Chemist: 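Would you mind keeping the following structure in view while I ask a few things?
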Amino acid sequence: MRPYVYLVAATTIDGRIASYTGYSRLSCPYDLKRLHSIRASVDAIIVGANTAIVDNPRLTVRYVEGKNPMRVLIDGALRAPLTLRIFDSSAPTVVFTTHKAPQDKIHELQKRGVKIYITEGETVDPAYVLDTLYKQGVRKVLLEGGGRTNWEFLSKCLVDEIILTVTPYVFGRGVSLVEGAGFATTEDTPFALTLHSIKLCECGQEVVLKYHVSCKH
Ligand SMILES: NC(=O)C1=CN([C@@H]2O[C@H](COP(=O)(O)OP(=O)(O)OC[C@H]3O[C@@H](n4cnc5c(N)ncnc54)[C@H](OP(=O)(O)O)[C@@H]3O)[C@@H](O)[C@H]2O)C=CC1
Ligand SMILES: Nc1nc(O)c(N)c(N[C@@H]2O[C@H](COP(=O)(O)O)[C@@H](O)[C@H]2O)n1
């Protein structure tokens with residue numbers, strides 16, 4: 001058993017979630033409110049190391065009423081600086097890392113109440129992350145990027161729904177919604193997407209697409 005996983009992101013019309021400089025503020029205020037409603041409805045939010053480092057996100061519920069979910073950071077080498085907001089006391093934080101994490105950083109975070117899982121192998125297995133969270137009572141997860149982390153989960157068929165806001169921008173070079181080895185053809189994806197709904201954002205310039213993801217095998 002694993003939690004239900006929503007992948008939520010905002011992209012440019014050329015499928016970028018960030019520019020080549022890491023700039024990623026794409027959503028309008030209505031879309032951010034929608035994001036925060038989803039945050040309030042889940043038990044945990046997962047982000048990858050680069051998103052934590054580049055964006056320094058709070059990952060809290062601020063634009064709607066609701067409780068803050070648990071924050072989950074996947075950071076194989078524990079590169080995230082201790083000064084990041086994700087390690088503040090506004091919500092519980094859990095870190096999944098590997099033997100590559102520096103011991104002093106692990107101890108400092110543990111002292112602050114951050115739960116650290118040191119997993120076997122060179123990278124963190126996303127299925128293990130979901131299994132561990134499920135055992136802690138987590139039933140719904142919001143996967144909030146970035147591209148590499150989206151790939152890690154999606155390529156292993158560990159996403160149930162994609163909620164994608166297409167914003168009226170073009171970045172060209174940048175970070176793609178999904179950053180991984182890639183699939184050669186549409187046949188090669190281990191999952192199939194079914195369009196569930198299309199909504200014009202209240203701002204009139206963004207389109208919110210919902211897809212259900214089903215595993216082919
Ligand atoms: N527009 C939007 O909706 C959003 C945009 N973004 C943007 O995305 C960009 C970051 O995306 P990206 O660069 O792809 O990086 P990610 O945020 O996905 O972080 C990738 C890093 O996280 C670590 N990581 C992720 N999965 C694993 C794993 N299974 N095992 C071990 N380590 C793992 C790795 O660190 P290591 O290499 O050290 O092992 C990896 O390099 C930022 O610029 C951010 O602003 C992010 C979220 C939403
Ligand atoms: N849905 C969505 N739209 C955007 O335009 C975004 N830039 C993001 N980014 C995600 O939100 C995090 C920032 O959260 P806080 O406001 O600091 O709580 C960022 O790190 C991405 O995960 N998402």
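We count ligands from 1, going down the list as the structure has it; atoms in each ligand are counted the same way. In this text, all values refer to a predicted model and were calculated from it rather than measured experimentally.
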Chemist: Counting non-hydrogen protein atoms only, what is the nearest one to atom 25 (C) of ligand 1? Give residue, atom name and distance.
Modeler: Thr149 OG1, 3.4 Å
Chemist: Does the N or O separation between Asp55 and ligand 2 drop below 3.5 Å for any pair?
Modeler: yes
Chemist: Just need the protein heavy atom nearest to atom 15 (O) of ligand 1, so name the residue and atom and give the distance.
Modeler: Asn50 CB, 3.1 Å
Chemist: Is a donor from one side chain sitting under 3.5 angstrom from an acceptor on the other, for Glu120 and His99?
Modeler: no
Chemist: Specify side chain, backbone, both or neither for Leu35, according to which of its non-hydrogen atoms lie closer than 4.0 Å to ligand 2.
Modeler: side chain
Chemist: To check your reading of the model: name the closest protein heavy atom to atom 17 (O) of ligand 1, its residue, and the distance in Å.
Modeler: Thr51 OG1, 2.6 Å
Chemist: Between Tyr4 and Glu161, is there a side-chain donor-acceptor contact under 3.5 Å, judged purely by atom types and distance?
Modeler: yes
Chemist: Could you say whether the N/O atoms of Ser27 and ligand 2 ever approach to under 3.5 Å?
Modeler: yes
Chemist: For atom 16 (O) of ligand 2, which candidate among Arg85, Arg62, Glu206 provides the closest heavy atom?
Modeler: Arg62
Chemist: Write out the residue and atom name of the closest protein heavy atom to atom 48 (C) of ligand 1, then the distance separating them to 0.1 Å.
Modeler: Glu144 O, 3.4 Å
Chemist: Any nitrogen or oxygen of Arg58, side chain or backbone, less than 3.5 Å from one on ligand 2?
Modeler: yes
Chemist: Below 30° counts as parallel, above 60° as perpendicular, anything between as tilted: where do the rings of His212 and His196 land?
Modeler: tilted
Chemist: List the closest protein heavy-atom neighbour of atom 38 (O) of ligand 1: residue, atom name, distance to the nearest 0.1 Å.
Modeler: Arg79 NE, 2.7 Å
Chemist: For ligand 2, find out whether one of its N or O atoms is nearer than 3.5 Å to an N or O atom of Glu144.
Modeler: yes
Chemist: Determine whether any protein heavy atom is located less than 4.0 Å from atom 8 (C) of ligand 2.
Modeler: no
Chemist: side-chain hydrogen bond (donor to acceptor under 3.5 Å, both in side chains), that's the test. Do Arg58 and Thr60 meet it? Break it down for me.
Modeler: CA-CA 5 Å; Arg58 289 180 173 82; Thr60 53; 5.5 Å; no
Chemist: Give yes if a backbone or side-chain nitrogen or oxygen of Pro57 is under 3.5 Å from a nitrogen or oxygen of ligand 2, and no if not.
Modeler: no
